[in-house]
Amino acid sequence: MATDFKSIPIIDISPLLANCDDPNMGEDPGVRKVVTQLDQACREAGFFYVKGHGIPESLIKEVKNISHQFFDHPYEEKLKIKMTPQAGYRGYQRIGENITKGIPDMHEAIDCYKEIKQGMYGALGKPMEGCNQWPLNPPNFKELMEEYINLCTDLSRKIMRGIALALGGSPYEFEGERAGDAFWVYRIIGYPGVANSHGMPENDIGCGAHTDYGLLTLVNQDDDITALQVRNRSGEWISAPPLPGSFVCNIGDMLKIFSNGLYESTLHRVINNSPKYRVCIAHFYETNYDTAVEPLEVCKQRTGGTVKFDRAVYGEHLVSKVTTNFVM
Ligand SMILES: N=C(N)NCCCC[C@H](N)C(=O)O
Ligand SMILES: O=C(O)CCC(=O)C(=O)O
Ligand SMILES: [Fe+2]
């Protein structure tokens, strides 16, 4: 259970990355320190900042810039890549089309998923089959985003090695059958600012309170706007302001199950009360699409020996969310 945290911890993960390919990484003092910090952050908040992550700052900025350019286009242009169920829920959705707990969210987005080819996962994969729909303008959009997605996927796998150690397992708990062929979700999100503000403006909810679905989320948010909020145990909303050079990182529902509740997927929401338009690029690192997730033995032992969650197939969880997230 999350505690009454008042702020979100910052972790320099460079020692973890430097030793990630060493099978004895768990014995390195630098790695041990990162693992201890990850464990504390995952128990107390389910949210943390990572710095020292090695993804070039120029690329991090460029993906936000190019996304601002896309959202600046008129609707007709954006609708050329409209999201449809036939496209496996990939593409552009208008403001208000995504709903969270029955209420339309004040955001627009391009949703992308790792490609699922026809028949790849049988009935389980059917609703999500399709290829991503990228804007044709600017011409390097797809290439840039794919480069960024690859780096985020790689980084997430490495952070998951640290989290596997933090749970008391081997570094490779989240590889092989579990997440060796990790699925990913990628959302390019835009939140309009508050219109002509006098006094203390309050915008509608940009994204309602929710948890993320998979293992680990990396959030790359615009500088200078504080909009993401995380709920602590008392129900207070704690801001996660942008910290240049870092990602906000948080735990998803599948990691809650794997850890048998040692770690939880923390509720969070977005409210953009700034006059400026805000962009957020969210990369979601998941298990294999067809993994049946159940508590790791080591976590079961550490939590009294009883399994606290039903087994969940990641793809089923995703489909149940995606097919109810939209009014179209
Ligand atoms: N893939 C992820 N995690 N997307 C997060 C979107 C959260 C809002 C969505 N309407 C919901 O209610 O889940
Ligand atoms: O906009 C943000 O900062 C976070 C968005 C988010 O929580 C999500 O898309 O799951
Ligand atoms: Fe989220």
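In each ligand, atom 1 is the first atom listed, and ligand 1 is the first ligand listed. Any value given below was found using the heavy atoms of this structure, including those in side chains, with hydrogens, waters and symmetry copies removed.
- Using a 4.0 Å cut-off between heavy atoms, T217 makes no contact with ligand 1 at all.
- Contacts between K101 and ligand 1, counted as non-hydrogen atom pairs separated by less than 4.0 Å, are absent for every part of the residue.
- Against a heavy-atom cut-off of under 4.0 Å, D212 is close to the following atoms of ligand 1: 3 (N).
- With respect to atom 8 (C) of ligand 1, the closest heavy atom belonging to the protein is T100 OG1, 3.3 Å.
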| field | S265 vs M254, side chain to side chain contact (heavy atoms under 4.5 Å, CB included): CA-CA, chis, key distance, verdict | value | CA-CA 8 Å; S265 44; M254 296 303 112; over 6 Å; no
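- Panel note: side chain N19, backbone M25; no donor-acceptor pair is recorded below 3.5 Å.
- Q133 and R90 form no side-chain donor-acceptor contact under 3.5 Å, judged by distance and modelled atom types alone.
- Backbone and side-chain nitrogen or oxygen atoms of R187 are examined, and none is located within less than 3.5 angstrom of a nitrogen or oxygen of ligand 1.
- Heavy-atom proximity to H210, at under 4.0 Å, picks out these atoms of ligand 1: 5 (C), 7 (C).
- Contact residues for ligand 2 (protein heavy atom closer than 4.0 angstrom to any ligand atom): R187, I189, Y191, H210, D212, V219, L228, H268, V270, R278, C280, F284.
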| request: Any chance you could lay out the ring pair (Phe, Tyr, Trp, His ring centres under 6.0 Å) test for F5 and F47, step after step, and finish with the verdict? | output: CA-CA 10 Å; F5 63 90; F47 264 79; 7.9 Å; no
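- Considering only non-hydrogen protein atoms, atom 2 (C) of ligand 1 sits nearest to Y213 CE1, 3.5 Å.
- A donor and an acceptor atom, one from each side chain of R32 and Q37, are nowhere located under 3.5 Å apart.
- With a heavy-atom cut-off of 4.0 Å, N98 touches ligand 1 through its side chain alone.
- With waters neither drawn nor counted, the protein N/O/S atoms under 2.8 Å from the Fe ion (ligand 3) amount to 3.
- Residue C207 has no nitrogen or oxygen atom sitting less than 3.5 Å from a nitrogen or oxygen atom of ligand 1, judged on distance alone.
- Distances between N or O atoms of K321 and those of ligand 1 include no value under 3.5 Å.
- Ring planes of F174 and F258: perpendicular class, angle over 60° (limits at 30 and 60°).
- Between Y289 and F183, the two ring planes are perpendicular [angle over 60°; tilted spans 30° to 60°].
- Taking the six-membered ring where the residue is Trp, W184 and Y186 present perpendicular rings, their angle passing 60° and hence far from 30°.
- Taking the side chain as every heavy atom from C-beta outward, V230 and I8 approach each other to under 4.5 Å.
- More than 12 heavy atoms of other residues, nucleotides or ligands sit less than 6.0 Å from atom NZ of K82.
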| task | Determine, stepwise, if the pair I110 / F141 fulfils side chain to side chain contact (heavy atoms under 4.5 Å, CB included). | result | CA-CA 12 Å; I110 305 176; F141 196 102; 4.2 Å; yes
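- Counted within 6.0 Å of CZ on R94, heavy atoms from surrounding residues, nucleotides or ligands total 12 or fewer; the atom is thus considered open.
- For atom 9 (C) of ligand 1, the closest non-hydrogen atom on the protein side is N325 OD1, 3.3 Å.
- No donor-acceptor contact under 3.5 angstrom links the side chains of H73 and N137, judged on distance only.
- Taking the six-membered ring where the residue is Trp, F71 and Y92 present tilted rings, their angle falling between 30° and 60°.
- By the 6.0 Å contact criterion, NZ on K6 is enclosed, its count of non-hydrogen atoms from other residues, nucleotides or ligands being greater than 12.
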